[in-house]
K.L.:
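The following block contains the structure, expressed as structure tokens.
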2 protein chains.
Amino acid sequence: MKLSTKGRYGIQAMFELALYYGEGPISLKTIAENEGLSEHYLEQLIAILRKADLVKSVRGAQGGYMLAAPPDKITVGDVIRTLEGSLAPADCVVEDTPFECSRAGGCPTKLVMERIRDSINKVIDSITLQDMVDDYRRLNQKSAFMYYI
Amino acid sequence: MKLSTKGRYGIQAMFELALYYGEGPISLKTIAENEGLSEHYLEQLIAILRKADLVKSVRGAQGGYMLAAPPDKITVGDVIRTLEGSLAPADCVVEDTPFECSRAGGCPTKLVMERIRDSINKVIDSITLQDMVDDYRRLNQKSAFMYYI
DNA sequence: TGAATTCCTACTATTTTACCCGGATTTCAA
DNA sequence: TTGAAATCCGGGTAAAATAGTAGGAATTCA
């Protein structure tokens with residue numbers, strides 16, 4: 001039940017874009033360096049996010065990527081589901097197109113899977129990129145203050 | 001973020017044992033047939049559950065498996081975690097032995113992962129095998145009644 | 001015009017998954 | 001007492017998923 005690197009790296013990259021939201025395009029190189037990720041691999045992930053209209057790109061020199069919407073309008077759920085698909089723990093409880101097993105209605109494990117699915121969705125849909133930025137700034141308040149002195 | 005078949009089949013098998021709890025050992029063959037699973041594969045899974053003291057076995061003819069505790073004392077979480085390990089969505093938030101990444105303290109995605117982990121744990125630890133049996137019997141009440149007529 | 005950058009397709013090594021196979025051991029029942 | 005029904009056990013393996021790498025075309029700024 002691990003999230004794959006797609007989801008994880010995707011969140012990290014989107015967080016980075018949220019951190020610099022409104023300051024023009026950020027290059028993949030910058031994101032990859034800041035987060036310690038493979039630039040080439042990240043390229044594939046951000047391409048998916050771009051096609052899902054979660055990020056916009058600017059080509060050419062001094063180009064890069066930026067969020068397609070304000071950080072408080074994009075949830076962690078938007079990002080993870082775009083990169084990983086549904087977070088349903090089993091195919092029979094995938095939201096839109098569930099794979100019907102033979103037991104279908106009377107399956108007791110299906111109820112369990114639904115409850116797991118719903119609790120995950122509830123959490124990831126309630127956290128926005130802005131929330132992550134706020135958390136981050138709060139956590140790093142002290143060290144920022146130290147620098148200031 | 002799918003559960004693997006280990007977790008799923010494991011729950012199915014344990015549900016089956018819960019359904020017949022107190023009625024003597026149930027053979028792997030019966031479980032596999034009832035749930036439509038590979039007997040050989042299930043054998044491996046139930047061996048893990050046995051070593052974790054969640055099921056007891058009786059060898060020889062007319063032997064089989066039975067729950068090591070009443071169905072209301074075994075949770076879905078016990079079963080899944082025994083077969084799949086921690087359900088933490090990332091290594092850095094595994095309960096007992098987290099893998100510390102370089103960001104460690106000030107990582108904003110870690111908070112997200114912790115919240116996902118906690119919500120999954122809360123759900124799976126709150127559902128017992130007895131709950132599953134009760135749900136199942138409630139769902140099948142109508143058809144049982146029809147048979148009765 | 002050249003450097004920086006995104007865009008795109010294909011390839012690949014490694015790991016994980018989901019099993020199968022074959023045989024040893026144990027025990028009940030006829 | 002013997003055979004069938006079971007659990008127990010270790011190894012093997014094909015297919016899929018994962019986590020990238022490689023290389024180059026297209027675009028744009030300075």
Side-chain angles (χ1 to χ4, degrees), chain A residues 1-13 16-17 20 24-33 35-68 80 83-87 89-91 101, chain B residues 1-13 16-17 20 24-68 80 83-86 89-91 101:
Chain A
M1 276 282 280
K2 290 278 176 298
L3 222 54
S4 77
T5 53
K6 282 189 189 176
R8 258 187 314 127
Y9 295 180
I11 296 176
Q12 290 181 247
E16 206 70 29
L17 293 181
Y20 300 113
I26 311 291
S27 79
L28 211 52
K29 195 181 171 191
T30 305
I31 300 173
E33 275 173 4
E35 295 286 335
L37 306 174
S38 152
E39 192 180 335
H40 257 304
Y41 186 42
L42 207 52
E43 194 182 315
Q44 290 177 40
L45 307 188
I46 212 154
I48 299 171
L49 295 169
R50 185 172 47 80
K51 280 163 194 160
D53 285 322
L54 291 176
V55 305
K56 285 186 297 188
S57 65
V58 177
R59 300 190 67 171
Q62 276 66 50
Y65 297 93
M66 55 188 101
L67 295 184
I80 296 183
L83 291 167
E84 306 235 359
S86 166
L87 271 83
D91 287 331
C101 76
Chain B
M1 277 281 282
K2 290 277 177 297
L3 223 52
S4 77
T5 53
K6 281 188 187 174
R8 257 189 311 128
Y9 294 1
I11 296 176
Q12 289 180 249
E16 207 70 28
L17 292 181
Y20 300 113
I26 312 291
S27 77
L28 212 51
K29 195 180 171 192
T30 306
I31 300 173
E33 275 172 4
N34 284 2
E35 295 285 336
L37 305 174
S38 152
E39 193 180 335
H40 260 301
Y41 185 41
L42 208 50
E43 196 181 313
Q44 290 177 40
L45 307 187
I46 213 153
I48 299 171
L49 294 168
R50 185 173 48 80
K51 281 163 194 160
D53 285 322
L54 290 175
V55 303
K56 285 186 297 187
S57 65
V58 177
R59 300 189 68 170
Q62 276 66 51
Y65 298 92
M66 55 189 99
L67 295 184
I80 297 183
L83 291 167
E84 307 235 358
S86 166
D91 287 331
C101 77

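None of the values given here were measured: they were computed from a predicted structure. Below, read A as the first sequence line, B as the second, and so on, with proteins coming before strands; counting in each chain starts at 1.
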K.L.:
Starting at CG of B:Leu83 and ending at P of C:dC19, how long is that distance when rounded to a whole Å?
P.N.:
14 Å
K.L.:
How close or far is atom P of C:dT15 from atom NZ of A:Lys2, stated in whole angstroms?
P.N.:
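In whole Å, C:dT15 P lies 17 Å from A:Lys2 NZ.
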K.L.:
When rounded to the nearest 0.5 angstrom, what is the spacing between CD1 in B:Ile48 and CG in B:Leu54?
P.N.:
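Rounded to the nearest 0.5 Å, the CD1-CG separation comes to 11.0 Å.
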K.L.:
Heavy-atom contacts under 4.0 Å between residues 49-65 of chain B and DNA chain C, which residues?
P.N.:
B:Arg59, B:Gly60, B:Ala61, B:Gln62
K.L.:
If a protein heavy atom is under 4.0 Å from the base, mark B; if only from the sugar-phosphate, S; if neither, -; do that for nucleotides 13-22 of chain D going 5' to 3'.
P.N.:
------BBB-
K.L.:
When the distance from CG of B:Leu45 to P of D:dC8 is rounded to whole Å, what number comes out?
P.N.:
14 Å
K.L.:
Can you tell me how far apart CD (A:Glu35) and CZ (A:Arg8) are? Round to the nearest 0.5 Å.
P.N.:
11.5 Å
K.L.:
Roughly, in whole Å, what's the span from CD1 in A:Ile31 to C1' in C:dA4?
P.N.:
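A:Ile31 atom CD1 is separated from C:dA4 atom C1' by 15 Å.
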K.L.:
Got a donor-acceptor contact below 3.5 angstrom from the A:Glu84 side chain to the A:Ser4 backbone?
P.N.:
yes
K.L.:
Atom NZ of A:Lys6 and atom CD1 of A:Ile80: how far apart are they, to the nearest 0.5 Å?
P.N.:
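That separation rounds to 13.5 Å.
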K.L.:
Expressed in angstrom and rounded to an integer, what is the separation of A:Ile26 atom CD1 from C:dA4 atom P?
P.N.:
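After rounding, the reported distance stands at 18 Å.
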K.L.:
Using a 4.0 Å heavy-atom cut-off, does B:Ile46 contact any base of the nucleic acid, only the sugar-phosphate backbone, or nothing at all?
P.N.:
nothing
K.L.:
Can I get a per-line list of side-chain donor-acceptor pairs under 3.5 Å for residues 25-32 of chain B, giving both atom names and the distance, sequence neighbours left out?
P.N.:
unit_1	atom_1	unit_2	atom_2	d
B:Ser27	OG	B:Lys29	N	3.4
B:Ser27	OG	B:Thr30	N	3.1
B:Ser27	OG	B:Thr30	OG1	2.9

K.L.:
Within the structure provided, determine whether A:Leu49 and A:Tyr65 are in side-chain contact (heavy-atom separation under 4.5 Å).
P.N.:
no
K.L.:
A:Leu42 has an atom CG; how far is it from atom C1' of C:dC7, in whole Å?
P.N.:
14 Å
K.L.:
Which pair of heavy atoms, one from B:Leu37 and one from B:Leu42, lies closest together, and at what distance?
P.N.:
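Minimum heavy-atom separation between B:Leu37 and B:Leu42: CD1-CD1, 4.0 Å.
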K.L.:
Nearest 0.5 Å, what's the CD1-CG distance between A:Ile11 and A:Leu83?
P.N.:
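Reported value, rounded in 0.5 Å steps: 8.5 Å.
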